[in-house]
Amino acid sequence: ALMRLDQNRAMARVAEKLNVPVKTVEQVFVWGNHSNTMYPDLRFLRTGGRRVEESAFDQEWLEQFVPNVATSAASAASAAIDHMRDWILGAEGKITTMAVPSDGSYGIPEGLMFGFPCMCPGEGQYQIIKDLPMTPEVKQRLIVTRDELLAEVEAVKHLLP
């Protein structure tokens with residue numbers, strides 16, 4: 001799943017809005033599915049090592065953020081390279097988005113491939129970040145994307161052995 005593409009898109013939009021280099025944008029990740037139901041999460045956003053509050057963004061920008069992330073033109077090849085680099089070499093304590101089999105975290109059924117915020121220590125290892133605080137909005141968005149993925153599984157179930 002191209003969840004890292006969505007993360008890269010979100011980071012680029014934030015960098016553009018804050019007028020900072022993309023490489024300084026950290027702790028942005030995306031929940032769910034590589035579709036219009038994905039949810040880019042800015043609650044832990046940092047730039048240059050400093051926390052950025054949601055108040056740095058006006059309401060109009062925030063309302064357009066998800067649709068812009070879903071439709072922006074970022075490089076899938078670059079995202080694939082970023083994903084593999086973080087997974088194999090490690091992400092230096094930074095949150096990265098990975099579509100991985102759920103372990104039941106955040107109410108997502110075990111085994112369902114889902115985009116989670118993860119830590120990558122390197123050598124092909126990852127850990128889903130546990131127990132992040134969940135607002136009602138984030139919970140609802142996870143339910144929507146979870147249900148979309150479950151419907152996709154149901155639609156192809158008859159094709160699986």
Side-chain angles (χ1 to χ4, degrees), residues 1-100 102-103 105-108 113-146:
L2 289 172
M3 297 306 298
R4 181 55 186 261
L5 176 60
D6 297 320
Q7 177 182 340
N8 286 0
R9 289 172 170 174
M11 291 168 62
R13 290 290 180 239
V14 166
E16 178 182 68
K17 175 65 174 170
L18 298 176
N19 196 29
V20 298
V22 174
K23 68 181 181 181
T24 68
V25 176
E26 300 175 340
Q27 309 309 73
V28 172
F29 52 89
V30 182
W31 297 96
N33 190 16
H34 179 66
S35 73
N36 289 335
T37 66
M38 57 94 180
Y39 180 62
D41 197 330
L42 299 179
R43 294 176 299 143
F44 306 96
L45 171 63
R46 300 177 72 78
T47 61
R50 298 180 66 188
R51 179 102 166 84
V52 177
E53 298 297 327
E54 192 172 302
S55 60
F57 306 100
D58 58 72
Q59 190 59 37
E60 181 180 344
W61 186 89
L62 288 169
E63 288 172 5
Q64 292 302 312
F65 179 61
V66 174
N68 283 339
V69 169
T71 60
S72 67
S75 169
S78 177
I81 290 167
D82 291 343
H83 173 87
M84 293 305 295
R85 181 194 61 239
D86 289 350
W87 191 28
I88 301 303
L89 299 178
E92 302 174 15
K94 296 178 183 172
I95 296 175
T96 188
T97 303
M98 295 184 74
V100 297
S102 175
D103 60 1
S105 296
Y106 303 101
I108 306 304
M113 293 298 290
F114 196 88
F116 288 101
C118 293
M119 298 299 282
C120 292
E123 299 181 4
Q125 302 295 311
Y126 69 88
Q127 297 133 0
I128 295 171
I129 298 172
K130 308 284 188 185
D131 302 321
L132 289 173
M134 303 299 282
T135 65
E137 177 187 12
V138 174
K139 286 179 186 178
Q140 182 56 40
R141 288 184 177 262
L142 266 61
I143 289 168
V144 169
T145 197
R146 176 204 66 199

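Annotation for Arg51: atom CZ counts as buried by contact number, over 12 foreign heavy atoms lying within 6.0 Å. For Asp58, the CG atom is densely surrounded, since the number of other residues' heavy atoms within 6.0 Å is greater than 12.
Between Arg146 and Ile108 there is a side-chain heavy-atom pair separated by less than 4.5 Å. Residues Ile95 and Met119 have side chains in contact (heavy-atom distance under 4.5 Å, counting atoms from C-beta outward). Between Leu132 and Trp31 the shortest side-chain heavy-atom distance falls below 4.5 Å. In this structure, the side chains of Phe116 and Phe29 stay at 4.5 Å or more apart for every pair of heavy atoms. Looking at heavy atoms from C-beta onward, Leu62 lies in side-chain contact with Glu54 at the 4.5 angstrom threshold. With contacts defined as side-chain heavy-atom distances shorter than 4.5 Å, the pair Asp41/Val28 does not qualify. A heavy-atom distance below 4.5 Å is found between the side chains of Phe44 and Pro133. Under the 4.5 Å side-chain criterion, counting only non-hydrogen atoms from C-beta, Met38 is not in contact with Asn33.
In this structure, Ile129 CD1 and Met98 CE are separated by 11.5 Å, a value rounded to the nearest 0.5 Å. Between the NE2 atom in His83 and the OG1 atom in Thr97 there is a gap of 10.5 Å [rounded to 0.5 Å]. Interatomic distance, CD of Gln59 versus CD of Gln64, reported as 11.0 Å (0.5 Å rounding). How far CG of Leu2 is from CD of Gln7: 12.5 Å, rounded to the nearest 0.5 Å. Atom-to-atom distance recorded for Met11:CE and Thr24:OG1 is 8.5 Å, nearest 0.5 angstrom. If you take CD on Glu137 and CG on Leu142, they are separated by 11.0 Å, rounding to the nearest 0.5 Å.
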Step by step, would you call Asp86 with Lys94 a side chain to side chain contact (heavy atoms under 4.5 Å, CB included)? CA-CA 9 Å; Asp86 289 350; Lys94 296 178 183 172; over 6 Å; no

Tell me, with the steps shown, if Met113 and Ser102 meet side chain to side chain contact (heavy atoms under 4.5 Å, CB included). CA-CA 6 Å; Met113 293 298 290; Ser102 175; over 6 Å; no

Report the C-alpha distance between Tyr106 and Phe114 in whole Å, list the side-chain angles of each, state the deciding distance to 0.1 Å, and finish with yes or no for side chain to side chain contact (heavy atoms under 4.5 Å, CB included). CA-CA 11 Å; Tyr106 303 101; Phe114 196 88; over 6 Å; no

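When all heavy atoms of Leu5 and Ser75 are compared, the pair lying nearest together is CD1-O, 3.6 Å. Among all heavy-atom pairs drawn from Arg13 and Trp61, the shortest one is O-CZ2, 3.7 Å. The minimum heavy-atom distance linking His34 with Asp6 is given by the pair ND1-OD2, 2.8 Å. The two residues Glu63 and Pro67 come nearest to each other via the heavy atoms O-CD, 3.6 Å. The heavy-atom pair separating Met3 from Ala99 by the smallest distance is CG-CB, 3.6 Å. Looking at every heavy atom in both residues, Pro21 comes nearest to Ala15 through C-CB, 4.1 Å.
With no hydrogens or angles considered, a side-chain donor-acceptor pair links Thr96 and Arg4 at under 3.5 Å.
Sorted by first and then second residue, the side chain to side chain donor-acceptor pair (under 3.5 Å) pairs involving residues 116-130 (not counting sequence neighbours) are Asp103-Lys130, Ser105-Lys130.
At least one donor-acceptor pair closer than 3.5 Å links the side chain of Arg9 to the backbone N or O of Ala70.
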